Amino acid sequence: MEKFGFLSFGNYGAGRGSMVADAHASLHQAIDLSVRADELGVNGAYFRVHHFARQQSAPMTLLAAIAARTKHIEVGTGVIDLRYENPLYLAEEAASLDLIADQRIALGMSRGSPETVTRGYEAFGYTTSKDPRGADIAREKFDLFLAAIDGEGIAAGDPRVTGSNRPQPIRPLSPGLKSRIWWGSATRDSAEWAGRQGVNLMSSTLLTEDAGIPFADLQAEQIARFRAAWDEAGHPGTPRVSVSRSVFPLINDLDRAYFGATDADQVGVIDGYRSTFGKTYAAEPDVLIEQLRADAAVMSADTLMLTIPVALGVDFNMHVLESFATHVAPALGWNPANQRVGSRV
């Protein structure tokens with residue numbers, strides 16, 4: 001693990017104890033937390049995307065605002081649901097964001113997770129899917145998106161304007177943008193597919209398969225298959241890999257009150273798939289270090305995303321990030337974003 005960031009689900013609502021009552025508070029607190037995390041040296045600010053829900057649904061505006069207020073932190077998504085997207089407009093937005101952020105983006109994309117409505121992407125006008133979960137249109141859109149950001153000709157030029165009918169690319173283009181695109185994979189097979197596509201891998205605290213082994217080991221196998229597929233496809237360079245975890249250093253009595261209870265991996269059914277859910281890590285820092293060192297997937301990935309309790313507000317979430325940065329991350333190999341490689345806080 002070289003980098004760590006926070007993954008925000010962006011939930012808001014006036015529930016008991018919530019410090020994020022509405023969308024206004026959610027957006028402004030996300031910006032404030034990202035600015036403070038940037039000053040700390042946290043490597044990334046990543047946001048879940050959901051439609052028809054009290055969460056972040058239009059991430060590009062938020063990420064652009066964060067990028068304009070920060071200097072070092074990577075801004076990204078985990079993940080954009082491609083079923084709802086126009087891939088060419090998304091390509092224009094992604095390139096614009098990449099230029100605003102000076103190439104500090106990590107855009108995770110995928111079919112998306114179950115939504116609060118049935119086939120909501122059809123309400124957005126995307127009605128051609130033959131798959132009840134929409135995976136077919138998501139991958140078709142991803143192919144077109146990748147072609148667009150690579151500068152391929154998309155639409156025939158008007159000879160009266162361009163002098164020929166040669167296919168024109170989308171604008172703007174941001175050089176090297178594909179190296180900052182990630183596929184959110186929930187299975188070993190889709191991880192191999194991402195490796196063949198030549199994009200980075202995002203894997204969360206859920207895999208939609210059950211192999212009868214601990215979650216961390218199953219995810220480590222997923223990562224290994226991804227890297228093997230990358231190499232077999234002949235892509236240059238080294239791909240990036242991120243995993244997410246719920247990790248809470250227990251520093252004071254409030255931490256223990258919120259997160260003192262332990263849990264374990266779980267197996268259940270989500271979206272019709274028998275799935276494996278990763279456990280929450282909550283312990284004293286020295287215990288956490290040993291637990292995370294023993295997590296094969298965390299140590300195999302270059303980036304760890306910490307899922308944060310958004311409803312508890314900016315100050316408490318900064319406490320979580322500061323506790324991890326101070327007491328745990330250096331022992332795992334962390335390189336802060338705002339310092340030279342190899343330095344430690």
Side-chain angles (χ1 to χ4, degrees), residues 9 47-53 55-60 76-94 107-150 152-156 167 169-170 177-178 181-211 218-219 221-222 225-226 229-230 232-233 235 267-277:
F9 282 53
F47 297 87
R48 286 288 296 270
V49 181
H50 281 289
H51 301 281
F52 299 104
Q55 293 180 248
Q56 306 300 347
S57 59
M60 295 304 195
T77 53
V79 292
I80 293 172
D81 188 331
L82 283 171
R83 296 173 296 182
Y84 287 78
E85 297 291 331
N86 178 314
L88 298 181
Y89 186 64
L90 180 62
E92 293 174 337
E93 286 188 307
L107 290 183
M109 304 176 185
S110 79
R111 173 188 69 89
S113 56
E115 295 289 321
T116 57
V117 299
T118 302
R119 298 176 75 95
Y121 46 90
E122 292 187 346
F124 278 52
Y126 303 114
T127 60
T128 61
S129 176
K130 302 298 189 295
D131 182 330
R133 300 179 181 87
D136 51 351
I137 61 171
R139 290 199 178 184
E140 289 170 5
K141 290 181 178 186
F142 194 56
D143 289 342
L144 182 55
F145 169 82
L146 291 181
I149 65 171
D150 272 347
E152 293 186 21
I154 299 298
I170 61 104
L177 176 56
K178 185 178 179 181
I181 302 302
W182 306 59
W183 184 257
S185 169
T187 66
R188 291 166 292 181
D189 286 346
S190 62
E192 291 178 347
W193 179 84
R196 292 192 295 270
Q197 297 301 306
V199 294
N200 304 302
L201 177 69
M202 271 186 188
S203 187
S204 72
T205 54
L206 163 69
L207 292 174
T208 53
E209 52 187 343
D210 172 25
L218 181 61
Q219 192 172 51
E221 181 184 336
Q222 179 196 33
R225 290 192 183 189
F226 162 74
W230 175 287
E232 289 170 6
H235 297 300
V267 174
V269 176
I270 186 170
D271 203 21
Y273 295 105
R274 186 170 173 83
S275 304
T276 309
F277 303 80

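Predicted, not measured: the structure shown is a model, and the values here were computed from it.
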| message | Does any part of the side chain of I80, heavy atoms only, come nearer than 4.5 Å to the side chain of M60, both counted from C-beta? | response | yes

| Distance in Å, F226 CZ paired with W183 CH2, rounded so as to fall on 0.5 Å steps | 12.5 Å

| query | Is E209 salt-bridged to R188, cutoff N-O under 4.0 Å? | reply | yes

| query | To the nearest 0.5 Å, how far apart are CD1 in I181 and OG1 in T77? | reply | 8.0 Å

| task | Rounded to the nearest 0.5 Å, what's the gap from CG on L201 to CD on E192? Could you check? | result | 11.0 Å

| task | To the nearest 0.5 angstrom, please state how far the CZ atom of R119 sits from the OG1 atom of T127. | result | 9.0 Å

| task | Determine the minimum heavy-atom distance between K178 and Q197, stating which atoms define it. | result | NZ-O, 3.0 Å

| With no hydrogens and no angle check, is any side-chain donor or acceptor of R83 less than 3.5 Å from a backbone partner on A138? | no

| query | Can you list the steps and then say if N86 with E92 is a side chain to side chain contact (heavy atoms under 4.5 Å, CB included)? | reply | CA-CA 10 Å; N86 178 314; E92 293 174 337; over 6 Å; no

| message | For H51, is there any backbone N or O sitting under 3.5 Å from a side-chain donor or acceptor partner on E115? | response | yes

| request: Only one of S203, S110, S190 passes side chain to side chain donor-acceptor pair (under 3.5 Å) with S185; say which it is. | output: S190

| field | Separation of I137 CD1 from D131 CG (nearest 0.5 Å) | value | 9.0 Å

| remark: Between the CZ atom in F142 and the CD atom in E85, the distance rounded to the nearest 0.5 Å is 12.5 Å

| message | I'd like to check D210 versus L218 (side-chain heavy atoms, cut-off strictly below 4.5 Å). Are they in contact? | response | no

| said: Check the orientation of F124 and F52. Use parallel for under 30°, tilted for 30 to 60°, and perpendicular for over 60°. | reply: perpendicular

| Given the rule in the side chain to side chain contact (heavy atoms under 4.5 Å, CB included) test, do D136 and T128 qualify, once you have shown the distances and angles that lead to the verdict? | CA-CA 9 Å; D136 51 351; T128 61; over 6 Å; no

